[in-house]
Engineer: 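There's a structure below that I have some questions on.
Here is how names work: the chains are called A, B, and so on, in the same order as the sequence lines, proteins then strands, and each is numbered from 1.
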There are 2 protein chains.
Amino acid sequence: MKCMSYEKFFEVFANETRLKIVESLVESNKNVSDICKSINEEQSKVSHNLKVLHDCNFITKERNGKHVFYSLNKTTIKPMLKIVDKHVHTFCKDNCVKKHENYIPR
Amino acid sequence: MKCMSYEKFFEVFANETRLKIVESLVESNKNVSDICKSINEEQSKVSHNLKVLHDCNFITKERNGKHVFYSLNKTTIKPMLKIVDKHVHTFCKDNCVKKHENYIPR
DNA sequence: ACATCATATGAAATGTATGTCATATGAGAA
DNA sequence: TTCTCATATGACATACATTTCATATGATGT
């Protein structure tokens with residue numbers, strides 16, 4: 001395992017594809033092709049980004065035959081998403097919150 | 001004020017300069033030139049990044065004469081840094097943690 | 001062994017945030 | 001008003017992550 005900087009920590013989540021993967025895995029553990037379906041993204045793209053998440057221990061993997069199942073490190077991710085949620089809702093009170101877009105003007 | 005995506009939230013912190021600013025402001029509120037001194041970075045660089053932090057309500061500003069004082073939104077940032085800290089220390093047990101560098105091999 | 005399904009990886013092109021440098025604005029003092 | 005200090009902003013070049021496409025590896029079944 002590798003060591004992580006604070007910067008790296010945030011970089012990992014500063015990406016739409018990886019956030020979609022995380023949200024998909026919040027619902028349930030999945031293998032790669034199910035993740036692809038669930039977030040409607042290409043397999044190689046998903047695999048590349050799974051690697052990033054895995055390298056930083058935000059997800060764990062387990063092979064079962066042909067499939068590789070990924071699951072979340074909920075210890076870190078659940079409370080973190082909660083803080084983000086709270087911040088977004090506190091400072092964006094007119095419910096224009098979008099999970100996967102950049103700034104949206106009022 | 002503008003609305004924020006999850007992605008944007010993390011992007012803001014996925015930057016060494018902004019993390020240094022945050023850490024400096026954890027210690028104490030400061031005006032711009034004091035921040036520059038404290039983190040040893042150029043003024044325009046700091047100002048650009050203060051703007052990013054401020055636009056997302058991670059810091060507040062208050063002018064006092066010639067100086068502009070910035071202070072942290074501790075509600076969001078303190079618990080968030082705590083989670084990052086915990087993750088880093090849990091998954092990098094051989095105390096090679098660096099706050100402002102990328103991966104370091106074991 | 002071979003075919004097929006599932007996943008991982010390499011390399012190259014592209015898009016985008018970041019820093020830099022120059023300049024503008026704002027505030028107080030003289 | 002003018003000068004200086006303090007901060008903000010605009011625009012451009014660059015560096016870097018991300019995606020894409022092609023291909024490799026791994027596992028199972030026949």
Engineer: What about B:F10 and A:F9, are their ring centers closer than 6.0 Å?
Structural biologist: no
Engineer: Send over the distance from A:R18 CZ to D:dA17 P, rounded to a whole Å.
Structural biologist: 10 Å
Engineer: Any heavy-atom pair between the side chains of A:E23 and A:E27 that's under 4.5 Å?
Structural biologist: no
Engineer: If only side-chain N and O atoms of B:K61 are considered, is one of them under 4.0 Å from the OP1 or OP2 phosphate oxygen of D:dA8?
Structural biologist: yes
Engineer: Between D:dA8, C:dA6, C:dA8, which nucleotide gets closest to the side-chain atoms of A:V68?
Structural biologist: C:dA8
Engineer: Write down the distance between CZ (A:F9) and C1' (D:dA17), rounded to a whole number of angstrom.
Structural biologist: 19 Å
Engineer: Reckon B:N15 has a side-chain N or O less than 4.0 Å from the OP1 or OP2 of C:dA17?
Structural biologist: no
Engineer: Any chance you could measure B:K45, atom NZ, to B:C36, atom SG, to the nearest 0.5 Å?
Structural biologist: 10.5 Å
Engineer: When you check the phosphate oxygens OP1 and OP2 of D:dA22, does a side-chain N or O of A:S44 lie under 4.0 Å from one of them?
Structural biologist: no
Engineer: Select base, sugar-phosphate, or nothing to describe what B:Y70 touches, counting heavy atoms under 4.0 Å on all strands.
Structural biologist: sugar-phosphate
Engineer: Just by modelled atom types, is the B:S28 backbone N or O under 3.5 Å from a matching donor or acceptor in the B:K30 side chain?
Structural biologist: yes
Engineer: Looking only at N and O atoms, is any donor in the side chain of B:Q43 or the base of D:dA8 less than 3.5 Å from an acceptor on the other one?
Structural biologist: yes
Engineer: Ignoring hydrogens and geometry, is there a side-chain-to-backbone donor-acceptor pair from A:N64 to A:H67 under 3.5 Å?
Structural biologist: no
Engineer: Report yes if a donor N or O on one partner sits less than 3.5 Å from an acceptor N or O on the other, where the partners are the side chain of A:H48 and the base of C:dT7; otherwise report no.
Structural biologist: no
Engineer: With nearest nucleotide decided by heavy atoms, which residue, A:A14 or B:L50, maps closer to the 5′ end of DNA chain D?
Structural biologist: B:L50
Engineer: Taking OP1 and OP2 of D:dT19, is either one under 4.0 Å from a side-chain nitrogen or oxygen of A:N49?
Structural biologist: yes
Engineer: Rounding to a whole Å, what distance do you find between B:K45:NZ and D:dA8:C1'?
Structural biologist: 17 Å
Engineer: Of all the choices, C:dT18, C:dA8, C:dA27, which nucleotide is nearest to the side chain of A:V32 once you look at every atom?
Structural biologist: C:dA8
Engineer: Is the side chain of A:N73 donor-acceptor paired with the backbone N or O of A:N57 at a distance under 3.5 Å, no angle test?
Structural biologist: yes
Engineer: To the nearest angstrom, how far is B:E7 atom CD from C:dT16 atom C1'?
Structural biologist: 12 Å
Engineer: Please determine whether a side-chain nitrogen or oxygen atom of B:R63 lies at a distance below 4.0 Å from atom OP1 or OP2 of D:dA6.
Structural biologist: no
Engineer: In whole angstrom, give the distance that lies between atom CD1 of A:I35 and atom P of C:dA6.
Structural biologist: 14 Å
Engineer: Side chain of A:K51, heavy atoms from C-beta onward: which of C:dT9, D:dA8, C:dG19 has the nearest atom to it?
Structural biologist: C:dT9
Engineer: What stems involve DNA chain C, if each pair must be Watson-Crick or G-U and both of its distances must be under 3.5 Å, with 3 or more such pairs in a row?
Structural biologist: C:1-30 with D:1-30
Engineer: Give the nucleotide from the list D:dT19, D:dT9, D:dC21 with an atom nearest to the side chain of A:T17.
Structural biologist: D:dT19
Engineer: Just how far, in rounded Å, is C1' of D:dT7 from CD of B:E41?
Structural biologist: 17 Å
Engineer: Applying a strict under-4.5 Å side-chain criterion to I, L, V, M, F, W and Y, I'd like to know whether A:F13 and A:V26 cluster together.
Structural biologist: yes
Engineer: Treat each ILVMFWY residue as a node, draw an edge where side-chain heavy atoms are under 4.5 Å apart, and state whether A:L81 and A:I39 are in one component.
Structural biologist: yes
Engineer: What's A:S33 touching, base or sugar-phosphate or nothing? Going by heavy atoms closer than 4.0 Å.
Structural biologist: sugar-phosphate
Engineer: Please report the distance, rounded to the nearest Å, between CD in B:E16 and P in C:dT18.
Structural biologist: 12 Å
Engineer: B:E42 CD to C:dT18 P: how many Å, rounded?
Structural biologist: 17 Å
Engineer: The side chain of A:H67 is closest to which nucleotide in this list: D:dA6, C:dA6, C:dT9?
Structural biologist: C:dA6
